[in-house]
Amino acid sequence: MEYEERIGRASKSLSPKQNVRKSLNFEPLSTTALILEDRPANLPAKPAEEAQKHRLEYEEMVAQAKRREFKDAQRRKKQLEERCKVEESIGNAALTWNTEILPNWESMCCSRRVRDMWWQGIPPSVRGRVWSLAIGNELNITHDLYDICLSRAKDRWKSLSMGTQEAENEDSGLSVADREASLESIKLDISRTFPNLCIFQKGGPYHDMLHSILGAYTCYRPDVGYVQGMSFIAAVLILNLDTADAFIAFSNLLNKPCQMAFFRVDHGLMLTYFAAFEVFFEENLPKLLSHFKKNNLTPDIYLIDWIFTLYSKSLPLDLACRVWDVFCRDGEEFLFRTALGILRLFEDILTRMDFIHIAQFLTKLPEDLNSEDLFASIAAIQMQSRNKKWSQVLSALQKDNRDMENRSPSLKR
């Protein structure tokens, strides 16, 4: 009864504007309306203290929103400044490479200053030229030789598609069935090469270039043929070089001892590389190595994919290219140093995982992996064990294997 009387008194004092409001359904238009406006006429009026409290809460909300907006603006400004600084640094570095280093490659490539610049990452505009010079062309492949190999590859594709037996008479000794399998592997792998970029798949701008390089290589090195993983290496080179130059770099790169051992599936030599890797694994990360051994996780489970694709499948592409930069400078040792750097960076996470989760994690590393964090981790890896460097450890293991084979003829392949 008292409540009804209070409502009645409140309704008598309503203004004409409030009377209009009374006949409408209450539909607040915003949070502001909920906090600042008076209650509908059919409800008790807000006490003064509550109204003041709501007003203060609203003002605090506005102040917080303004602070967030200011912080976001500051963050965007800082990001823009950092991006501009990075772009300026890249521009200055590119100028140095173009005007000072590349014209004087032989005399400057091994200097301390250039090696330091190399570690920081080669500017994309000169990356291809630096890679070509660093990889070299010991095989003396020319653009004409590439054209010849490509022409032979096209003839082979044509004869295979027509079902003729011409290809059986070639010197490689491979049957038509083997060549068809190789051709199908190339097609399948190209479709799975950097699928997110959508540039190497059928209809993409780089599809034919990638197909041509891989096909030409199978004619140039029929004894090696096509091996899964080659498409990623060729694709990275295509992104930085013209087709013929990419083929030259690709062929010479795959001719390096480590790559040849893996792509020709030389089990004995591969095991030697794994054994050398474990020497430095134990030197740098003994606890993690113990955890891996406890879970029966051997190096081949994660190293094979990393070596076959030179990290281009497991790392974000821009970071993989920076790994390639230093790999071109330091050679195969850096591939295994990078592996240890990755393991060191994620050591805390990996020690809490079991076999399956470790294998899955190392197959595809986080997309947001920071390049500076990874390279700081790589820099902390010591590639020296008992005063022996990588090359010395690897040579000693190879010698031990040869001695063992000589003592045990039955072990010879």
Side-chain angles (χ1 to χ4, degrees), residues 10 14-95 117 119-125 127 194-199 239 311 314-323 325 341-342 344-350 352 360-361 364-380:
L14 290 174
S15 64
K17 185 175 179 180
Q18 287 173 315
N19 277 325
V20 172
R21 176 75 178 271
K22 179 180 176 180
S23 63
L24 299 174
N25 291 328
F26 178 63
E27 294 181 1
L29 301 178
S30 66
T31 307
T32 307
L34 283 172
I35 295 175
L36 295 183
E37 289 195 14
D38 293 333
R39 288 176 179 167
N42 61 328
L43 294 176
K46 283 184 183 178
E49 291 179 2
E50 187 179 352
Q52 178 66 11
K53 177 186 174 186
H54 288 173
R55 189 174 294 105
L56 292 173
E57 288 175 349
Y58 171 72
E59 290 172 356
E60 177 59 24
M61 287 172 58
V62 172
Q64 286 180 1
K66 287 182 177 179
R67 285 196 293 270
R68 281 196 301 271
E69 190 176 323
F70 178 75
K71 285 182 179 178
D72 288 343
Q74 290 291 96
R75 180 177 51 79
R76 287 193 296 270
K77 182 182 177 182
K78 186 177 180 181
Q79 287 176 340
L80 181 61
E81 289 174 350
E82 288 175 353
R83 188 157 59 244
C84 290
K85 192 182 295 183
V86 168
E87 289 175 358
E88 183 180 359
S89 175
I90 291 173
N92 292 335
L95 184 64
M117 290 181 67
W119 180 269
Q120 296 302 322
I122 299 171
S125 61
R127 178 169 271 151
F194 298 120
N196 293 337
L197 296 181
C198 301
I199 57 176
L239 293 174
Y311 295 95
S314 300
L315 289 175
L317 182 57
D318 58 340
L319 183 48
C321 285
R322 190 173 166 188
V323 168
D325 290 343
I342 291 170
R344 181 183 181 276
L345 183 62
F346 296 109
E347 182 175 13
D348 291 342
I349 298 172
L350 294 170
R352 297 195 297 269
Q360 289 176 341
F361 182 87
K364 187 63 179 174
L365 297 164
E367 280 292 333
D368 59 351
L369 182 53
N370 182 274
S371 62
E372 297 305 323
D373 290 343
L374 176 58
F375 270 76
S377 184
I378 294 172

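Computed over heavy atoms, backbone and side chain alike; hydrogens, waters and symmetry mates excluded. Computed from a predicted structure; not experimentally measured.
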Results of side-chain contact (heavy atoms from CB on, under 4.5 Å) for S89 - residues two or more places apart only: none
Heavy-atom pair with the smallest gap, counting every atom of L315 and I342: CD2-CD1, 4.4 Å
Trace of the side chain to side chain donor-acceptor pair (under 3.5 Å) decision for R76 with Q79: CA-CA 5 Å; R76 287 193 296 270; Q79 287 176 340; over 6 Å; no
Shortest non-hydrogen contact between A320 and Y311, atoms and distance: CB-O, 3.7 Å
Student check: side-chain heavy atoms of V62 and E59 closer than 4.5 Å: no
R75 side chain reached by K78 side chain, heavy atoms, under 4.5 Å: no
Beyond-backbone contact of D325 with W119, side-chain heavy atoms, under 4.5 angstrom: no
Q120: side-chain contact (heavy atoms from CB on, under 4.5 Å) partners, not counting sequence neighbours: R322
Within-4.5 Å side-chain heavy-atom neighbours: I90 and S125: no
Inter-residue atom distance L350.CG - R344.CZ, 0.5 Å rounding: 13.0 Å
Nearest heavy-atom neighbours spanning A93 and M117: O-CE, 4.1 Å
Other residues, nucleotides, ligands: >12 heavy atoms within 6.0 Å of K53 NZ: no
Closest heavy-atom pair and its distance - L319, S371: CD1-CB, 3.5 Å
Can you list, pair by pair, the side-chain donor-acceptor contacts under 3.5 Å of residues 63-70, counting residues two or more places apart and other chains?
from : atom 1 : to  : atom 2 : distance (Å)
Q64  : NE2    : E60 : OE2    : 3.2
R67  : NH2    : E60 : OE2    : 3.0

Distance, nearest 0.5 Å, that separates CG of L317 from CG of L197: 6.0 Å
